[in-house]
Protein chains: 2
Amino acid sequence: MSKILIFGHQNPDTDAIGAAIAYANLQKALGKDAEAVALGTPSEETQYALDYFKLAAPRVISSVKEETTDVMLVDHNEFQQSVSDIAELNILAVVDHHRIANFETANPLYYRCEPVGCTSTIIFKLYKEAGIEVPQAIAGMMLSAIVSDTLLFKSPTCTPEDVTAANELAAIAQVELEVYGLAMLKAGTNLSDKSVETLIDLDAKSFTMGDKVVRVAQVNTVDLNEVFDRQADLEAVMAKENQANNYDLFLLIATDILASDSELLVIGEPVANVEKAFGTTLTNNRAFLPGVVSRKKQVVPQLTESFN
Amino acid sequence: MSKILIFGHQNPDTDAIGAAIAYANLQKALGKDAEAVALGTPSEETQYALDYFKLAAPRVISSVKEETTDVMLVDHNEFQQSVSDIAELNILAVVDHHRIANFETANPLYYRCEPVGCTSTIIFKLYKEAGIEVPQAIAGMMLSAIVSDTLLFKSPTCTPEDVTAANELAAIAQVELEVYGLAMLKAGTNLSDKSVETLIDLDAKSFTMGDKVVRVAQVNTVDLNEVFDRQADLEAVMAKENQANNYDLFLLIATDILASDSELLVIGEPVANVEKAFGTTLTNNRAFLPGVVSRKKQVVPQLTESFN
């Protein structure tokens with residue numbers, strides 16, 4: 001039996017890391033030689049959760065094939081969001097809650113995707129289906145992932161299943177859900193000491209839409225001014241990133257987690273598709289998106305449709 | 001709630017039709033307005049099963065959007081094997097047991113793929129997970145699908161889960177598994193009264209491999225001579241199909257269901273990739289493939305790798 005590496009997407013968020021830890025623990029309980037790894041270091045939010053539950057951050061890797069051929073993906077499927085040599089690997093399983101695109105295998109596999117708010121909600125279900133008990137710290141990471149992905153249930157991606165899972169996991173993790181959740185989210189909104197380069201890469205994903213490559217970054221904040229005070233610097237770095245990586249468009253979504261609104265900053269072309277997607281007009285490269293907090297549900301599908 | 005159409009792949013086999021009927025029945029039991037349809041008429045094998053369990057063949061459709069936008073796919077995911085307007089539809093769910101390729105959605109969905117021998121094995125599990133009872137005739141169709149896809153458990157795609165499911169379903173369907181199964185398989189091997197055009201289209205799928213389009217047809221028989229007595233006619237029609245549909249290669253796999261071997265017939269280019277895939281040399285456009293009965297496990301992955 002060859003070793004199995006389990007990981008979430010590049011620029012890992014709390015679900016990418018929490019789901020990898022939880023799924024690797026489940027696979028080990030089922031007798032597999034599995035290890036959770038990550039395609040980047042934890043964010044401050046994720047690190048808060050890891051510290052709270054006394055878990056080590058997963059080892060960071062950038063390619064797999066020198067170690068093994070067998071992998072399982074969590075919280076992503078699109079190859080451009082995955083490990084660099086993904087196309088050469090044997091993908092045994094995917095557990096995810098995103099759209100499926102730019103994903104291909106030569107062999108049948110286990111693929112479990114459900115339209116819920118968080119991968120960890122599905123993984124909790126897989127523990128139950130397998131009859132495996134969830135350890136306290138693992139429950140804490142899965143809870144943290146659900147809080148993170150659903151912004152404490154405020155995101156439109158949140159489903160009743162996520163709320164139920166989070167409550168059950170909070171009991172196992174022995175934390176008070178609202179108190180722990182808000183403290184964890186706030187730990188991730190400390191932007192002031194970060195460079196603009198870091199800020200636009202904290203939680204960024206690339207998408208192929210029509211014949212364009214679109215980069216969509218998101219930052220959470222409790223004060224939008226903290227982001228847009230540095231608009232000129234952000235624009236310069238986004239333009240530089242577009243050129244360096246052949247992105248056609250770079251979108252930064254700054255999300256106010258208390259008000260549940262976002263402000264959009266756009267650099268690149270064609271902006272007309274962005275305006276069409278959100279039914280808005282950009283002013284000074286910006287647009288206010290009332291009620292928008294979810295990249296997956298309120299940004300990517302609208303953009304994808306606008307490019308098709 | 002808009003109507004949901006549920007269907008399997010083009011050139012439907014017994015799983016494509018049986019799984020669609022079973023999954024539509026499950027969705028209806030869960031309160032959805034679902035209808036099983038098909039992308040073609042039943043084979044003689046499938047018709048035997050439908051007649052035995054007194055079920056009507058699903059209505060045949062060739063496009064969806066004039067009726068509804070919402071669909072669920074069973075037993076396939078690759079768009080070129082699906083309904084003509086699949087790219088314009090909203091795919092709510094996929095239940096499948098094949099590799100994933102040429103599949104893309106704009107939105108998150110329910111996707112359940114497991115590396116088992118038959119879609120109906122997974123659908124039987126979904127009934128159990130939902131706590132819904134399986135009616136006798138539906139159990140009969142799911143059983144028929146498992147027998148068909150695994151060639152009565154002889155295919156290397158067959159897993160212990162398929163065997164267990166088939167035995168449970170046979171009990172619900174009130175049939176003797178081996179007796180019913182062999183009778184159904186034999187009903188599908190009556191090739192003598194079929195034109196070569198029909199024969200190469202009974203169970204044929206297209207695959208994109210590298211930059212080539214490869215058509216892979218399979219026929220089951222109890223006598224390989226019955227197929228290859230008509231080799232010259234088969235070659236002429238396969239060449240014509242290549243030209244008409246821009247296939248680069250056409251492979252016909254004639255499978256002896258009693259001996260569990262296959263004989264391959266190949267028309268088109270590049271044949272070198274076919275020879276490499278199976279470690280064989282074609283003679284008179286043919287090669288004997290001992291022990292090969294599964295297109296999915298013993299043909300498509302080997303070809304795909306040879307083209308990459």
Side-chain angles (χ1 to χ4, degrees), chain A residues 73 75-79 87-88 90-119 121-122 125-126 128-129 149 156-159 161 207-210 277 294-308, chain B residues 73 75-79 87-88 90-119 121-122 125-126 128-129 149 156-159 161 207-210 277 294-308:
Chain A
L73 312 186
D75 197 30
H76 75 297
N77 67 83
E78 305 192 34
F79 279 9
E88 300 164 64
N90 183 28
I91 305 170
L92 296 177
V94 177
V95 185
D96 191 20
H97 66 130
H98 294 90
R99 71 165 190 169
I100 300 177
N102 192 20
F103 177 83
E104 181 169 323
T105 63
N107 292 299
L109 73 163
Y110 182 88
Y111 199 110
R112 184 76 170 252
C113 181
E114 300 190 20
V116 294
C118 182
T119 308
T121 300
I122 307 167
K125 196 187 279 193
L126 299 182
K128 289 181 176 178
E129 289 175 11
D149 269 12
T157 59
C158 187
T159 68
E161 271 197 67
F207 301 89
T208 303
M209 295 180 180
S294 166
R295 172 172 53 196
K296 190 170 68 169
K297 206 142 184 166
Q298 298 171 298
V299 175
V300 171
Q302 290 74 3
L303 275 176
T304 302
E305 200 186 319
S306 166
F307 277 88
N308 284 343
Chain B
L73 313 185
D75 198 31
H76 76 296
N77 66 84
E78 305 192 34
F79 279 8
E88 300 163 65
N90 183 28
I91 304 170
L92 296 176
V94 178
V95 185
D96 191 20
H97 66 129
H98 295 90
R99 72 166 190 169
I100 299 176
N102 191 19
F103 178 83
E104 182 170 322
T105 63
N107 293 299
L109 72 163
Y110 182 90
Y111 200 110
R112 183 77 170 251
C113 181
E114 300 189 18
V116 294
C118 182
T119 308
T121 300
I122 307 167
K125 197 188 279 192
L126 300 182
K128 289 181 175 177
E129 289 175 11
D149 270 11
T157 59
C158 186
T159 69
E161 271 197 68
F207 300 90
T208 304
M209 295 180 179
S294 166
R295 171 170 56 196
K296 189 171 68 170
K297 206 142 183 166
Q298 298 172 297
V299 176
V300 171
Q302 290 74 4
L303 275 176
T304 302
E305 199 185 320
S306 165
F307 276 89
N308 283 343

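In what follows, every heavy atom counts, from backbone to side chain, and hydrogens, waters and symmetry copies are set aside.
For E305(A), no part sits under 4.5 Å from any heavy atom of chain B, backbone or side chain. Only the side chain of T304(A) comes within contact range of chain B, judged by heavy atoms closer than 4.5 Å. Only the side chain of E129(B) comes within contact range of chain A, with heavy atoms under 4.5 Å apart.
For the atom pair CZ (F103(A)) and OG1 (T105(B)), the distance works out to 12.5 Å, reported to the nearest 0.5 Å. One distance of note links CG of L109(A) with CD1 of I100(B); it measures 5.0 Å at 0.5 Å rounding. To the nearest 0.5 angstrom, R112(B) atom CZ is 5.0 Å from Y110(A) atom OH.
Of the listed residues (K296(A), K297(A), E114(A), R99(A)), the greatest number of heavy-atom pairs within a distance under 4.5 Å of chain B belongs to R99(A). Here N107(B) is the residue among L303(B), N107(B), T157(B), V300(B) with the most heavy-atom pairs under 4.5 Å with chain A.
Summarising the geometry of E104(A) relative to N102(B), their closest heavy-atom pair is OE1-N, 4.4 Å, with the distance given to 0.1 Å.
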